[in-house]
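Counting convention: from 1, in listed order, for ligands and their atoms alike.
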Amino acid sequence: MTDTDASIDSSNLAYIEALYESYLRDRRAVSPEWAAYFDSQETGGGEISWRRQPQFRPRSVFNPADGSAGVSTNGERVAILQDKVDQLVRAYRVRGHTVAHVDPLDQPRPPHPELEIEHFGLANEILDMTFSSDTIAGPGRLTLREIIQRLRNTYCRSIGAEFMHIDDIRVKNWLLERMEATQNRLSLSLEAQVAILTRLTDAVMFEEFMQTKYIGAKRFSLEGGESLIPLLYLALNKAAEYELNGVVIGMPHRGRLNVLANIIGKSTREIFQDFEDLNLQFEDNMGDVKYHLGYGATWIGENSRKLHVSLCFNPSHLEIVDPVALGRTRANVDRYSSPAAPKGMCILIHGDAAFAGQGIIQETLNFSQLPAYSVGGTLHVIVNNQIGFTTDPKQGRGTQYATDVAKMLQIPILHVNGEDPEAVAQAVTLALDFRHQFLRDVVIDMYCYRRRGHNEGDEPSFTQPLIYRKIKQKQSVREIYRDRLIELGEITHEMAEGIAVSQRQVLEEALSEMRSEKPIRPNGNLGELWNAYHGGPQDEVVEVTTAVKADRLQWVLEKLTQLPAGFKPHRKIERWLEHRRQMATGEQPLDWSAAEALAFATTSMEGLRVRLTGQDSERGTFSHRHAVLHDYQTGETYAPLQHLSLQQAPVEIHNSPLSEAGVLGYEYGYSLDYPDGLVLWEAQFGDFCNAAQVIIDQFIASAEDKWGYFSGLVLLLPHGYEGMGPEHSSARLERFLLLAADDNLQIVQPTTPAQFFHCLRRQVISRWRKPLVVMTPKSLLRHPQVFSTIEDCAVGRFHRVLWDPRKPSRNKVSRILLTSGKLYYELDKYRMDNKRTDVAIMRLEQLYPLAQDSLVEAANRYNEEVPVTWVQEEPENMGACYFLQRRYCKGGIGSHPLGFVSREAAASPATGSSSQHIQQQQQLIQRAFGD
Ligand SMILES: Cc1ncc(C[n+]2csc(CCOP(=O)(O)OP(=O)(O)O)c2C)c(N)n1
């Protein structure tokens, strides 16, 4: 018998005694096995016999030493206890976070029963017994007391880690080893500690300075959460260490100014200037409030590597910037690296209430591992000040943590006490090493508090009196850390004060410079990529050639029908390819799908990237695109657009997740950092874009005006009244027209394949970057009258107004119809069927910016004062009626008075009854012709 065995043996007796006592008090206090054992040991008179039978066998056990069951008595005893200890170890890994000291406000956390040794049938008496600790990083054998201490240090100090929901054992073990080997603490050099203190001092001084110089001005201070600044500082240093070239940050209002000043590098002089509202003299646009502004600058890491850091401009709508920041990051990743070895990174900073409450978070997290959207892992940081405006967490979420939605991903969630800056440093180091290793997202939930009200004018004690009494008493995190370092003898009080004094001085100097010198022009922020592109008014736009030589178009079409040897698509697709081949030879005219493919192909062959995503966009909702073909036998895929030439730029067409706000935000973000590409989002049906209305309102329509951001994003929105009911008829054209002003958007409704071809190419060849909204057809995709020729794409350009191709005689025309979209073909059919040679039909292909001159020119082809009737399928309160009437054609079109024919104003866009639809449509057309 070894010494160890002896100690186990003697401790065991004490342990069993203790268990037996518990059992006598309450049979349920011990495990069923022990209870059964003790039961079996009782003699009739209640006398205990087990002491006289040391060879007890409560159950057959597995011996980890040799894998056998039911070995020697001593082995069994050890194995039983070891098994329980192992269960306890696992419980700490799973539940340790529930009791971790993560809250600087020390709000009570109830003990977790699974972290009590009794729960596993263990008792205090064996705390000094030695067990195998092989499953824990560190020494191979430890006493139970030491094991528990290590586990508590690792999982229950200032970091509470949730990671045991990760199924991949490789990932889980990596985390486990990293945390347990260090007991989840960094061992920091003095230099690193001083760096943290300096960053904290920067953060605190900035807020104090602003508070005294701009009393009562709204700035959404970071006070209480200042550890965000060292956290970001360390994150960017890590990014430099991993040789990344760019980091895009998305964050809300809280602490933005502090981050701008102390992380991004916006000069405090410029920030003061924003506070004094001195920028009006520079700005042609309406601008935005200072706590929404973004900025970009170069960050130099401690290893002297440079990377570009960009803080996205932000609307007030919490979290909606997240997909935008991700899209920007992916653009960087695609341009300079790949998602498998990304050189760019995204950091998203969130509020706790917003993270738990906003649905866009789920949409954003869902991108994480999707090949078309992954950026190789995002760092999420929740500035968890434990309040949302005036709302307590218990009113704001039904989950334990603000971060629980992130458990949908196989990623770690690190809850960390923001008042322990070294724990914050450990969390961010672990997080970024994890991201680098596994290319997955990671969440840091930094617990802190909010020193003031929601903003600087708010009184928080109205609603949270108890917490704010406590907060008032609290020293700042800087003071706490400073005192700790002084106590440890790492620094002196003078050194700490020196850091503060010099920071205060820098701020004072910047303020007096700002006050004594001329205002500095705000940084345009767009970066080099944008040098060749511009926004602004359309009258500065140079017309571009969008036509492509006929033989090239034929070659491309033919190439698009070629498949790799042995690749066999579905029979119907073979026929579809054959049809396309005939388009190449001129035997068949071009349909919509071919024109689109030609636009994408030629753009890519001119070196410009094409990226289209949307729900089921690979095939196309209406089964018309077939951009990605599937082998009918093997399921393998082939995308002909990607195999045109070795020199072509990538063409990516992807099915998106079933999201609108998230995906549109993402593609918008992509377009911000890919001005030299054609970036498109397609709605399944146009009406679904209303689920992304925030992106349309807050970014697409207004970003140029608010922030000087340009975008060439294209929205493809299927639109048209075809009896498909209230929801699948309208892409809500009226909403886009309502948003149109200052040439902020382009809104088109092309009616021929060639028009679509030219319009898409114009969007990317022109240097003018404006979002383009395309009302795309459904029934026209296969309409026999809807075709173009190769020649139509080989000459000409996009026409904003289409003249009547039937060329009615000027003197005969007594009625001009003006319409847009597929209704043209129905009106034309009626005209032909009824031989109405007195009616001319013009098409408005671009609704905004409206080419008034072209419209007047088209109307003037007919006699003066011949009335024009705008005919639309939509009810009067929708479509373009009000827009034309009120904004552009108040007095008619030139000398031609303007009338309107539409469905009656209605609450819902269309009827659900297909026969009623047909009837309405007939009446509408008859009214247009005055019949
Ligand atoms: C989508 C949206 N809804 C409501 C608001 C109004 N609002 C601004 S801040 C805020 C509270 C946010 O709380 P939290 O996410 O915890 O961040 P904190 O302000 O505490 O840092 C609310 C409701 C908003 N800006 N955006």
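Within the structure, the salt bridge (Lys or Arg N to Asp or Glu O under 4.0 Å) test picks out the following pairs touching residues 251-267 (sequence neighbours left out): Lys266-Asp274.
Annotation: cation-pi geometry satisfied between Arg199 and Tyr233 (NZ/CZ under 6.0 angstrom from ring centroid, within 45° of ring axis).
Side-chain atoms of Thr364 and Asp322 form no donor-acceptor pair, as typed in the model, at a separation below 3.5 Å. Neither side chain, Asp673 nor Asn332, offers a donor N or O lying under 3.5 Å from an acceptor on the other.
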Exercise. Quick one: do Gln107 and Gln386 satisfy side-chain hydrogen bond (donor to acceptor under 3.5 Å, both in side chains)? Show the steps, please.
Key: CA-CA 11 Å; Gln107 297 177 86; Gln386 310 187 68; 3.1 Å; yes

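Results of the ring-ring contact (aromatic ring centres under 6.0 Å, His included) test with Phe209 over Phe272, Phe275, Tyr214 single out Phe272 as the only residue that passes.
The residues lining ligand 1, counting any heavy atom closer than 4.0 Å, are His253, Arg254, Ser316, His317, Leu318, Gly351, Asp352, Ala353, Ala354, Gln358, Asn385, Ile387, Gly388, Phe389, His454.
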